[in-house]
S.K.: 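Let me give you the structure first, and then I'll get to my questions.
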Amino acid sequence: RGCGKTTSARILARCLNCVEGPTAAPCGVCRSCVDLARGGPGSIDVIEIDAASHGGVDDARDLRERAFFAPVASRFKIYIVDEAHMVTAAGFNALLKLVEEPPPHAKFIFATTEPEKVIGTIRSRTHHYPFRLVPPRTLSSYLSEICEAEGVQIDQTVLPLVVRAGGGSVRDALSVLDQLLGGAAETGVDYEQAAALLGYTPDTLLDDIMDAFAAGDSSAVFRTIDKVIETGQDPRRFAEDLLRRLRDLVILAAVPTAVEDGILEVSGDQSERLKTQAAGMGSGELTRAAEVIAVGLTEMRGTTAPRLHLELMCARVLLPGADVDERGLHARMDRLERRVGMMGPADAPAEVPAQQQAAPPTRQAAPPAQQAPPTRQQPPPEPEPERPVPQAEDPTAPRPMRRPAGDPPRQRPAGAPPSSDASPAAPSSTPPPTPAPTPAPPTSTPGKLGTAEMRRAWPTVLEEVKRRRRFTYMLLSQHAQVQDVQEGMLVLGFANAGARDNFGSGGSHDILVDAIIETLGVELRIQGVVANEELAQRGQRSPGAAPEPPPASMPDRDPEPPPEPEYAEMSDDDEEFDGGTNAEELLGREFGAEIISVDEDPEEPT
Ligand SMILES: [Zn+2]
């Protein structure tokens, strides 16, 4: 419905009957083209039949008789039978002979929404072209074009509402738009007006309740429900819109670039808000909440007390402890285990690692923060370097993860140069001036929780990354390793600049951030550095010993990801990991080679 079947049939007729034709590009100037153009008088040889009103056997017989007369002015006599499924069985039978052996000048185009209702003998003698609903993005830009052409002021945030109301049908969307414009003031259509006219739940209410869910603030949840009722919203509609919002968040949690990719149709500032909400709840909780609401919605149908149901539903979302199904338990146990594993023996919290302090509280603090300025981005505020200072002074501050100063360094110090203990002080005040030479020190410094824990948890993080995106997993598992974690900053050493740049672009960065949040419950900034560059530079500084430095530090990092299996694991379908990349990497590592220029031709090895 409204996806262009009849319009396409007319265009096809125009193509067939053009003087220049039959052609895919009608000239637009010949008589047939002018007659059949939009707003034209129509051609006498193109007969449109609405089967809804003329689908009887008499109409079919009439058509059959007239079809044998030659066309008046055009090449073909074209019958467009709209709503063909409405033709009666007798009518189809009367047409059958004609469709089976049509006179050479006759063409039939059947348009229908229910092809299965067209009798098989007709169907088997026709070509089929299925039509799909128009994708929201296309429809949205089309509507925007129309508004511009008509000189109508319309808020860009209104268009997604119209598209949603149209349900993929251009005709329906246009009629919704028409209604909105009809009721619009001089200044055009704004969002609140459109949402109210179309009966959608205002986004502010959905934001309120999502923020309250994320914060676990039950009083805010029930106050929002009260507001829903007071403002005259239908509880069922609200639950539906809430489910839709949860769906958006679930997708956003899984595909961080969903807004940019157009998977989600939301406006710019709304996308920031959604991102904050998605990060506040986490994909597991979001999925569970969506399930609870979806089940609740079916129960809500036909109930006499929809508000009660809505409230009970929301109470269930608020109480993850009440959920005893396997998935909920597993998710929660996973998280607990990871946190316990990160804590280590509980003694002497003398040196409280900065990033551990900063991260977990912010994760809990994030949801309330969204309520005030919803457009605020989450990532920047998280691991502020200044944060640890006040928190370290405040003994009442919750410290879910601390690590003792005297924890044995079970992990190997990755490439630790002897100058280790001197450096931690400097980077802690100035975040990452020279990340690569300094990474090792904190590793070997006991009590600095970051690097060792991250190394230990790295396989788990990688598993999570793999679940989200295979490409990022390949990139990280084969080319990157944890060099350092401090001040809420994870420094990743990449085997070459290409791998680092790959990581920086294309959303891999965000996927890793999310994977770390998911597995460890902390949000870290991530910086990619090129490990080999550092080694190469060190080699140049002390000529003569040029090949030496890499091996000197290599043994430390080599055992972790053995280089040989790397290539063996490489799969052919990842074009990023083709022979060229590996050759560069190998040459760089083994011979200290540097890329001077890259040939444009991919066939030529560099
Ligand atoms: Zn023409």
Side-chain angles (χ1 to χ4, degrees), residues 1-55 59-60 62-87 95 97-113 115 118 122-135 138-139 141-151 168-175 177-178:
R1 68 215 164 84
C3 54
K5 297 180 299 295
T6 314
T7 310
S8 301
R10 286 181 198 137
I11 293 171
L12 180 58
R14 210 171 169 220
C15 293
L16 286 170
N17 272 352
C18 178
V19 167
E20 311 268 316
T23 168
C27 69
V29 292
C30 71
R31 172 136 180 243
S32 160
C33 283
V34 171
D35 286 352
L36 288 171
R38 191 183 295 169
S43 166
I44 193 168
D45 294 315
V46 176
I47 302 110
E48 283 190 40
I49 298 160
D50 182 8
S53 48
H54 300 279
D59 297 297
D62 188 36
L63 189 156
R64 190 176 59 184
E65 275 159 29
R66 279 195 273 163
F68 284 99
F69 295 112
V72 178
S74 313
R75 187 175 299 110
F76 297 114
K77 199 161 192 173
I78 298 167
Y79 288 92
I80 299 175
V81 183
D82 210 355
E83 311 291 343
H85 56 276
M86 302 289 277
V87 176
L95 280 182
K97 187 88 175 113
L98 182 62
V99 176
E100 262 179 341
E101 289 167 17
H105 57 261
K107 303 276 175 204
F108 291 89
I109 305 172
F110 297 96
T112 176
T113 46
V118 177
I122 296 270
R123 264 198 293 164
S124 65
R125 285 171 175 80
T126 49
H127 294 282
H128 291 243
Y129 300 97
F131 281 65
R132 282 168 209 90
L133 290 175
V134 182
T138 316
L139 194 47
S141 62
Y142 176 61
L143 293 178
S144 165
E145 260 172 47
I146 288 180
C147 290
E148 210 168 295
E150 297 285 323
S169 156
V170 182
R171 191 194 303 148
D172 292 358
L174 283 177
S175 96
L177 185 63
D178 200 28

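When a ligand or atom number is given, it counts from 1 through the structure's own listing order.
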S.K.: Quick one: sort the Phe110 and Phe108 rings into parallel, tilted or perpendicular, breaks at 30° and 60°.
M.R.: parallel
S.K.: Near the Zn ion (ligand 1), meaning under 2.8 Å, how many protein N/O/S atoms are there?
M.R.: 4
S.K.: Under the side chain to side chain contact (heavy atoms under 4.5 Å, CB included) rule, collect the residues that match up with Val134, sequence neighbours excluded.
M.R.: Thr138, Leu139, Val170
S.K.: Let me have the donor-acceptor pairs involving side chains of residues 27-43, under 3.5 Å, with sequence neighbours excluded, atom names and distances please.
M.R.:
from, atom 1, to, atom 2, distance (Å)
Ser32, OG, Asn17, O, 3.4
Ser43, OG, Asp45, N, 3.1

S.K.: Please find the pair of heavy atoms, one from Leu98 and one from Arg64, that lie closest to each other, and give the distance.
M.R.: CD2-CA, 3.8 Å
S.K.: Is there side-chain contact between Lys107 and Leu12, with at least one heavy-atom pair below 4.5 Å?
M.R.: no
S.K.: Using the test side chain to side chain contact (heavy atoms under 4.5 Å, CB included), find all partners of Thr7 that sit at least two apart in sequence or belong to another chain.
M.R.: Ile11
